[in-house]
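One structure is given here, and the rest of the page talks about it.
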Amino acid sequence: MRTKNLSLRGFKSFMDKSSFQIPPGISAFVGPNGCGKSNVVDAIRWVMGEQSPKQLRGRQMEDVIFSGAGSLKPLGMAEVTLTLEDTEELYGTSEVSVTRRLYRSNESEYLINNSPCRLKDIQDLFMGTGLGNRSYSIIAQGEIGSIIEQKPEETRRLLEEAA
Amino acid sequence: MRTKNLSLRGFKSFMDKSSFQIPPGISAFVGPNGCGKSNVVDAIRWVMGEQSPKQLRGRQMEDVIFSGAGSLKPLGMAEVTLTLEDTEELYGTSEVSVTRRLYRSNESEYLINNSPCRLKDIQDLFMGTGLGNRSYSIIAQGEIGSIIEQKPEETRRLLEEAA
Amino acid sequence: SRRRFLSTLTQVDEQLKKVFPILFNGGSARLRLVDESLPLESGVLVEVQPPGKRLVHMGLLSGGEKALAAMALLFAIYLIKPSPFIVMDEVDAPLDEANTDRFNNLLQEIKKSSQIIMVTHNRKTMEIAERLYGIVMNKTSVSKIVSVDLKDYQPGSEEM
Amino acid sequence: SRRRFLSTLTQVDEQLKKVFPILFNGGSARLRLVDESLPLESGVLVEVQPPGKRLVHMGLLSGGEKALAAMALLFAIYLIKPSPFIVMDEVDAPLDEANTDRFNNLLQEIKKSSQIIMVTHNRKTMEIAERLYGIVMNKTSVSKIVSVDLKDYQPGSEEM
Ligand SMILES: Nc1ncnc2c1ncn2[C@@H]1O[C@H](COP(=O)(O)OP(=O)(O)OP(=O)(O)O)[C@@H](O)[C@H]1O
Ligand SMILES: Nc1ncnc2c1ncn2[C@@H]1O[C@H](COP(=O)(O)OP(=O)(O)OP(=O)(O)O)[C@@H](O)[C@H]1O
Ligand SMILES: [Mg+2]
Ligand SMILES: [Mg+2]
């Protein structure tokens, strides 16, 4: 199983639809301060089912929806889609797309291959990929220095996730 | 009042006496990871009277004494001296040197112009320079990002120190 | 002391309004009492608005924007109450090149009233320093001072 | 599950013993149960010893050494249980050039079993990437994707 594509629309500073092909190997994201690089990392965490606004650097979940800038009005919805490929074993189809949407009304939508599903279905899907709730597959900005100083119980939890 | 010189002996990784002239303007410290740059910052904080081992990245104050490496034995004492100049108004002499020592026996020594004094004398001296207990004159590694996220009470305290 | 605090608050706020747009190439910032009716105990809020952006809550700023906004506040305080010396340990690490240049320009102002002791990996910051100290660790893990010639400096390559 | 945990602990410890000296150009590291008699609940200690140094308590490591040691632990886990993809946001920021080179060399190993999504300001890390995405913010503070040609890339200078 591999990641094929990530696309954002109305998510944080990505007002217009933006799509990233993810090849095998290393994809590097570069750019000036404040341009939206860490927002892409938040988008990946969010589409995988993250429920805590704080883990997404916000106060409430609504902070992920494009809040407008200058003359541009705030949007009513944020949407992120992650497409995986070589997923016959995992899901029976050669490709699987996972979509998450949030409306200003605070209503959430989750979809697999464009058909509505529950959050739990998405979380189960990622569990099967070996990603699961692995906290160590996504390392947020500034976090690397504190991993070595975390308590022994937290290091144990890291190893239990890998077991 | 200006800083003229900083010298370390047996302080953290500075086993031998090392002395830095500090000219007006900017003095930059450069070098590979783990070579001892932040130890110089700790030495300045320590000679000004810092009492918390944690603020010096240690567990107990003894951690500031050179603990040996390879075939080199641990030392029995750490010493840092900060020399100030143009200090007629402050202290009546054109130069003032402030020295702090710590022995393995946990005994501390404080000296001004080479004559023993109390910790309070050193703290009073720095109060007079306008440095005082200004927490914002020394910005530790990794600290800059969290200043903006500190609670409003802490920002108030910062301003009170400057008042 | 209450009058002194309020006057310092006003002065630092005025300086922040000058310093922030220099560091951010635009935008604005201000200090505000959390509770105007209790000037003696109230906390102080720092409100920032990077150029062209809505006022977002501080947590939504990027890593580099947070560091730059913190520097703006500290510089505003240093300009009101110069400190004999200032020590900064890799404060420029999160900044991109354009922000580092603006930061270095402001350092040239601050150094007129305070001595600055700066740990940095950034070549441009080294270039504006009056004195450059190289520190290396020899094979026995003891720190030593070496003189550094900027022309051939490669951070991390000074093997002893 | 107890047997599985202990076997994972042993495997990760074995990998850490290989990865740590590569990243630090020597030295050693190991994993140890805080309390050997309670394998089911005991926390896990990471003991590191940079080359030529005594085993110091973790807090005395430098900023760069801490980041590098954390990467050694994570790489050891990734090698035992490859994750389909790994996301890293400026993990190379505290590293000097020599450590960045060793880190990039190890990334070339890891990328054989996992896709890596990496935010970086470091030119050498960009050079080893299969795909480079530039992100800029236009005047109206909306993020856009631009294609980046490494030859003329200056981080922070892409004004729109
Ligand atoms: N809901 C939102 N609507 C519009 N803009 C947003 C929203 N949430 C965050 N932003 C903007 O995104 C910007 C931060 O982006 P991000 O943290 O991704 O920057 P970055 O590229 O990682 O920068 P750095 O190099 O400094 O880490 C902020 O300036 C903020 O204004
Ligand atoms: N009491 C001590 N005796 C001997 N060495 C010590 C002592 N305390 C700390 N050290 C050594 O000092 C080193 C850390 O130095 P420091 O934090 O100054 O590095 P640095 O130059 O700031 O590196 P970086 O660029 O990674 O931040 C550690 O490797 C540690 O071994
Ligand atoms: Mg970022
Ligand atoms: Mg350091």
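Convention: sequence-line order gives letters A, B, ...; per-chain numbering from 1.
Interface remark: D:Val34 contributes side-chain atoms only to the contact with chain A (heavy atom separation under 4.5 Å). Heavy-atom distances place the side chain of A:Leu72, and not its backbone, under 4.5 Å from chain D. Neither the backbone nor the side chain of D:Ile110 comes within less than 4.5 Å of any heavy atom of chain A. Of the two parts of D:Glu90, only the side chain, counted from C-beta on, holds a non-hydrogen atom closer than 4.5 Å to a non-hydrogen atom of chain A. Only the backbone of D:Glu41 comes within contact range of chain A, with at least one heavy atom under 4.5 Å from a heavy atom of that chain. Proximity to chain A is limited to the side chain of D:Val46, based on heavy atoms less than 4.5 angstrom apart. Using a 4.5 Å cut-off between heavy atoms, A:Ser19 contacts chain D through its backbone alone, with no side-chain atom that close. With a threshold of 4.5 angstrom between heavy atoms, D:Val119 approaches chain A through its backbone and through its side chain. Interface residue A:Leu159: backbone and side-chain heavy atoms are both found under 4.5 Å from chain D. With a threshold of 4.5 angstrom between heavy atoms, D:Ile86 approaches chain A through its backbone and through its side chain.
When the shell of 6.0 Å around CD of A:Gln60 is examined, it contains more than 12 heavy atoms from other residues, nucleotides or ligands. More than 12 heavy atoms of other residues, nucleotides or ligands shown are found within 6.0 angstrom of CZ on A:Arg104. Other residues, nucleotides and ligands contribute at most 12 non-hydrogen atoms within 6.0 Å of the CG atom of A:Asn114.
Looking at heavy atoms from C-beta onward, A:Phe14 lies in side-chain contact with D:Ile135 at the 4.5 angstrom threshold. Residues A:Asn33 and D:His121 form a side-chain contact, since some pair of their non-hydrogen atoms from C-beta on lies under 4.5 Å apart.
Distance check, rounded to the nearest 0.5 Å: CE of D:Met118 to CD1 of A:Ile139 gives 9.0 Å. We find the NZ-OG1 distance between A:Lys37 and D:Thr120 to be 9.5 Å, quoted to the nearest 0.5 Å. Note that OG1 of A:Thr3 is 6.0 Å distant from CD1 of D:Ile117, once rounded to the nearest 0.5 Å. In this structure, the separation between CZ on D:Phe85 and CG on A:Leu6 is 8.5 Å, given to the nearest 0.5 Å. Taking NZ of D:Lys66 as the start and CD1 of A:Ile148 as the end, the distance is 9.5 Å to the nearest 0.5 Å. A distance of 6.5 Å separates CG of A:Leu158 from CG of D:Leu74, quoted to the nearest 0.5 Å.
Across D:Ile145, D:Val91, D:Leu33, the residue that shares the most heavy-atom pairs under 4.5 angstrom with chain A is D:Ile145. In terms of heavy-atom pairs under 4.5 Å with chain D, the best-connected choice from A:Ala69, A:Pro24, A:Gly25 is A:Gly25. Counting heavy-atom pairs closer than 4.5 Å to chain D, the top residue among A:Lys12, A:Glu149, A:Met15 is A:Glu149. Comparing D:Gly64, D:Ala67, D:Ser7 by how many heavy-atom pairs each has under 4.5 Å with chain A, the most go to D:Ala67. The candidate with the highest count of non-hydrogen atom pairs below 4.5 Å against chain D, out of A:Gln150, A:Met1, A:Arg2, is A:Arg2. Per-residue counts of heavy-atom pairs under 4.5 Å with chain A were compared for D:Gln108, D:Glu65, D:Gln11, D:Lys111; the largest is that of D:Lys111.
At least one cation-pi condition fails for D:Arg131 and A:Phe20: the charged atom is not both under 6.0 angstrom from the six-membered ring centre and inside a 45 degree cone around its axis.
Side chain of D:Glu130 to backbone of A:Ser27: no donor-acceptor contact under 3.5 angstrom is found. For D:Tyr133 (side chain) and A:Gln21 (main-chain N/O), a donor-acceptor pair under 3.5 Å exists by modelled atom type.
Heavy-atom minimum distance, A:Asp16 versus D:Val142: OD2-CG1, 4.1 Å. Of all non-hydrogen atoms in D:Ser143 and A:Gly36, the two that sit nearest each other are OG-CA, 3.7 Å. Of all heavy-atom pairs spanning A:Pro152 and D:Leu45, the tightest one is CG-CD2, 4.0 Å. Nearest heavy atoms, D:Val136 versus A:Pro32: CG1-CD, 4.5 Å. Closest non-hydrogen pair, D:Ile77 versus A:Ala162, comes out as CG2-CB, 3.8 Å. The shortest non-hydrogen separation linking A:Ile22 to D:Gln115 is O-NE2, 3.1 Å.
Just one residue in the list A:Glu153, A:Arg156, A:Lys151, A:Arg157 forms a side-chain contact (heavy atoms from CB on, under 4.5 Å) with D:Val44, and that residue is A:Arg156.
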